[in-house]
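Following: one structure in structure tokens, then a few remarks.
Given the structure is predicted, the values throughout are model-derived calculations rather than measurements. Position 1 is the first residue of the sequence, and the numbers go up from there.
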Amino acid sequence: MKAEHILVIRFSAMGDVAMTVPVIYSLAKQYPHVRVTVLSQPFARTFFENLAPNVSFMEADIKHEYKGFKGLGKLYSRLLAKQFTAVADLHSVLRSEYLRLHFFLDRYKIAHIDKHRSGKKRLTASSGKQLVQQPTSFQNYADVFAKLGYPVKFDFTSIFPPEGGDLSLLPKDVIGEKPFGEAWIGIAPFAAHEGKIYPVRLMEQVINKVINTHPHHRRIFLFGGGEQEKAQLDEWVAKYPQCVNASSALGGLNQELILMSHLDVMVSMDSANMHLASLVNTPVVSIWGATHPYAGFMGWHQEPHNAVQLDLNCRPCSIYGNKPCLRGDFACMKNISPELISQRVEFVLHQK
């Protein structure tokens, strides 16, 4: 009889993969006799390679090596050699469905995610909108494992110990030790779509207000990896001595997670950085425009009252923030005052 071995499939963007971590950790801890192999894109290795003794990671470069049906066929042949006993499809898109179908035809035990599309469609409807909390991604992932016979009780706090990641692994000339009494604040002002981005000019006002509250006891770490993003962050660094372009200074995702674990608060859009900070137990002040926490994508264990958003009849208009603004003015973001965000940052800092 084969040893129990679950294949978990989740490609997609970084935030979506990050949201699997609390569920997979809880699964691995609850069922230590079960091997779990996570199949994802190369960037996700950082999340899983040291997550639990019975969790391993298998990368699949679906844009090159395993591109197209021919590539997926090659990937399936490679997966067969691993002798899985069950397959959990946490993605349910064409690529994962192709793999799932082949496992099904070979009589493997399989289950896939329910994305609750009808509820999300009602949530984002332009008329007859129903503002109802949808099941979270964490619950949707857990439901897949329950279908396979592995109900999950959530038990996850951080990928690091309570004291956080090892700061000595970060560049000492840029980061250094954290002085007693100094507040470290992260700001990740970007996202994939305009409907999820707080205007840059307003975010600079947030930075100004946060710094001026305690100018000698604040340090702000800025996160953003694209070329245009880097240019904007560098501009802020040149204007404000308290700011550091963390993404430029650090050597990749693992180092960013270490730094995030020592932040007192992270300010983020509905984006991957909200989920990265959540994985290291850092409170997040999240800013929501076209999207809404009710869609089920709030960060792990984040407080709903730290979600900054406006009540507008058109919100939410999109699950992923990729649709054109119905009003044409992105009021859902542009009408959020910098004071509202900076006040929420101060509230979180005073809770520490």
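Residues Tyr76 and Phe103 place their aromatic rings such that the two centres sit under 6.0 Å apart. Between Phe347 and His305, the distance from one ring center to the other falls under 6.0 angstrom. Residues Tyr98 and Phe69 place their aromatic rings such that the two centres sit under 6.0 Å apart.
Counting heavy atoms of neighbouring residues, nucleotides and ligands inside a 6.0 Å radius, atom NE2 of His216 does not exceed 12 of them. Atom CD of Glu163 sits in a crowded spot, with more than 12 heavy atoms from other residues, nucleotides or ligands closer than 6.0 Å. The neighbour count for Lys147 NZ, taken as heavy atoms of other residues, nucleotides or ligands under 6.0 Å away, is above 12. Environment of CD in Gln30: crowded, with over 12 heavy atoms of neighbouring residues, nucleotides or ligands closer than 6.0 Å.
Here the CD-CD distance, from Glu346 to Gln351, works out to 11.5 Å after rounding to the nearest 0.5 Å. For the atom pair Tyr240 OH and Leu222 CG, the distance stands at 11.0 Å (nearest 0.5 Å). Of the inter-residue distances, the one linking Ser286 atom OG with Ile341 atom CD1 reads 10.5 Å to the nearest 0.5 angstrom. A distance of 11.0 Å separates CH2 in Trp236 from CG in Asn208, rounded to the nearest 0.5 Å. Here Thr20 contributes atom OG1 and Ile9 contributes atom CD1; the two are 12.5 Å apart, rounded to the nearest 0.5 Å. Separation of atoms CZ (Phe160) and CG (Asn50) is listed at 9.5 Å; rounding is to 0.5 Å.
No side-chain donor-acceptor contact under 3.5 Å links Trp300 and Gln302. For Thr157 and Asn281, the side-chain atoms include no donor-acceptor pair closer than 3.5 Å. For the residue pair Glu4 and Tyr150, a side-chain donor N or O sits within less than 3.5 Å of a side-chain acceptor on the partner. Side-chain contact check for Arg95 and Tyr66: no donor-acceptor pair (N or O, by modelled atom type) lies under 3.5 Å. Arg10 and Ser12 are linked by a side-chain donor-acceptor pair at a separation below 3.5 angstrom, with hydrogens and angles left out of the test.
The existence of a salt bridge linking Lys178 and Asp264 is confirmed by a sub-4.0 Å separation between a basic side-chain nitrogen and an acidic carboxylate oxygen. Here Lys334 does not pair with Asp329 in a salt bridge; the nearest charged N to carboxylate O distance is not below 4.0 Å. The pair Arg78-Glu59 fails the salt-bridge criterion, with no side-chain N (NZ, NE, NH1 or NH2) lying under 4.0 Å from an Asp/Glu carboxylate O. Salt-bridge annotation for Lys172 and Glu177: absent, with no side-chain N of the basic residue lying under 4.0 Å from a carboxylate O of the acidic one. Salt-bridge annotation for Glu339 and Lys209: present, with a side-chain N of the basic residue lying under 4.0 Å from a carboxylate O of the acidic one.
No side-chain heavy atom of Phe190 sits less than 4.5 Å from a side-chain heavy atom of Met269. Contact of the Phe223 side chain with the Val267 side chain is not registered, since no non-hydrogen atoms from C-beta on lie closer than 4.5 Å. Between Trp288 and Met274, some side-chain heavy-atom pair lies under the 4.5 Å cut-off. Considering only heavy atoms from C-beta on, Ile185 stays 4.5 Å or farther from Arg219 through its side chain. You'll find the side chain of Tyr294 stays beyond 4.5 Å of the side chain of Val132, heavy atoms only. The shortest side-chain heavy-atom distance between Leu257 and Phe47 falls under the 4.5 Å cut-off. Met260 places a side-chain heavy atom less than 4.5 Å from the side chain of Leu263. Within the 4.5 Å cutoff, side-chain heavy atoms of Ile319 are placed close to those of Phe297.
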- request: Check the pair Asp89, Ser96 against side chain to side chain donor-acceptor pair (under 3.5 Å), reporting the backbone distance first and the verdict last.
  value: CA-CA 7 Å; Asp89 180 1; Ser96 64; 3.0 Å; yes
- prompt: Does the pair Gln83 and His5 meet the rule for a side chain to side chain donor-acceptor pair (under 3.5 Å), with working shown?
  reply: CA-CA 7 Å; Gln83 295 192 315; His5 189 182; over 6 Å; no
message: Apply side-chain contact (heavy atoms from CB on, under 4.5 Å) to residues Gln41 and Asp61 and explain how you reach the verdict.
response: CA-CA 6 Å; Gln41 297 187 72; Asp61 186 350; over 6 Å; no
message: Could you go through Ser278 and His301, starting from their C-alpha distance and side-chain angles, then the distance that decides it, and tell me whether this counts as side-chain contact (heavy atoms from CB on, under 4.5 Å)?
response: CA-CA 7 Å; Ser278 300; His301 279 183; over 6 Å; no
message: side-chain contact (heavy atoms from CB on, under 4.5 Å) for Thr136 and Tyr141? Distances and angles first, verdict last.
response: CA-CA 9 Å; Thr136 68; Tyr141 294 153; over 6 Å; no
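Transitive grouping of hydrophobic side chains (ILVMFWY, heavy atoms separated by less than 4.5 Å) brings Met19 and Val152 into a common cluster. Note: the hydrophobic cluster containing Leu276 also contains Leu170 (ILVMFWY, side chain heavy atoms under 4.5 Å, direct or indirect links). Connection of Val206 to Val284 is not established within any shared hydrophobic cluster, with ILVMFWY side chains joined at heavy-atom distances below 4.5 Å, either directly or through further cluster members. Residue Tyr320 is grouped with residue Ile113 when hydrophobic side chains (ILVMFWY) are merged at heavy-atom distances under 4.5 angstrom, including chains of intermediate members. Transitive grouping of hydrophobic side chains (ILVMFWY, heavy atoms separated by less than 4.5 Å) brings Val17 and Phe138 into a common cluster.
When Cys317, Ser318, Pro316 are each tested for a side chain to side chain contact (heavy atoms under 4.5 Å, CB included) with Leu123, only one passes: Pro316.
Judged purely by atom type and a 3.5 angstrom limit, Glu256 has no side-chain atom pairing as donor or acceptor with the backbone of Leu250. Not a single donor-acceptor pair under 3.5 Å links the side chain of Asp106 to the backbone N or O of Tyr108. In this structure, His262 contributes its side chain and Gly165 its backbone to a donor-acceptor pair below 3.5 Å. Remark: the backbone N or O of Gly225 is paired with a side-chain donor or acceptor of Glu229 at under 3.5 angstrom. When atom types are taken as modelled, the side chain of Gln255 and the backbone of Leu169 share a donor-acceptor pair closer than 3.5 angstrom. With Ser261 contributing its side chain and Gly164 its backbone, the two residues share no donor-acceptor pair below 3.5 Å. Here the side chain of Asn273 pairs no donor or acceptor atom with the backbone of Ala188 at under 3.5 angstrom. Between the side chain of Lys120 and the main chain of His116, no donor-acceptor pair closer than 3.5 Å is present. In terms of modelled atom types and a separation under 3.5 Å, the side chain of Arg218 and the main chain of Glu182 share no donor-acceptor contact. Looking at Lys196, its side chain does come within 3.5 Å of a backbone N or O of Asp270 through a donor-acceptor pair.
Of all the heavy atoms in Thr291 and Gly321, the pair that sits closest is CG2-N, 3.4 Å. In plain terms, the two heavy atoms of Ala246 and Leu259 that are nearest each other are CB-CD2, 3.8 Å. Contact record, Leu233 with Pro189: CD2-CG, 4.1 Å, taken as the closest heavy-atom pair. Contact record, Val210 with Val345: CG2-CG1, 4.3 Å, taken as the closest heavy-atom pair. Scanning all heavy atoms of the two residues, the minimum distance from Tyr31 to Pro151 falls at OH-O, 2.6 Å. Ala88 and Ile6 make their closest contact through CB-CG2, 4.3 Å (heavy atoms, listed as atom of the first residue, atom of the second, distance).
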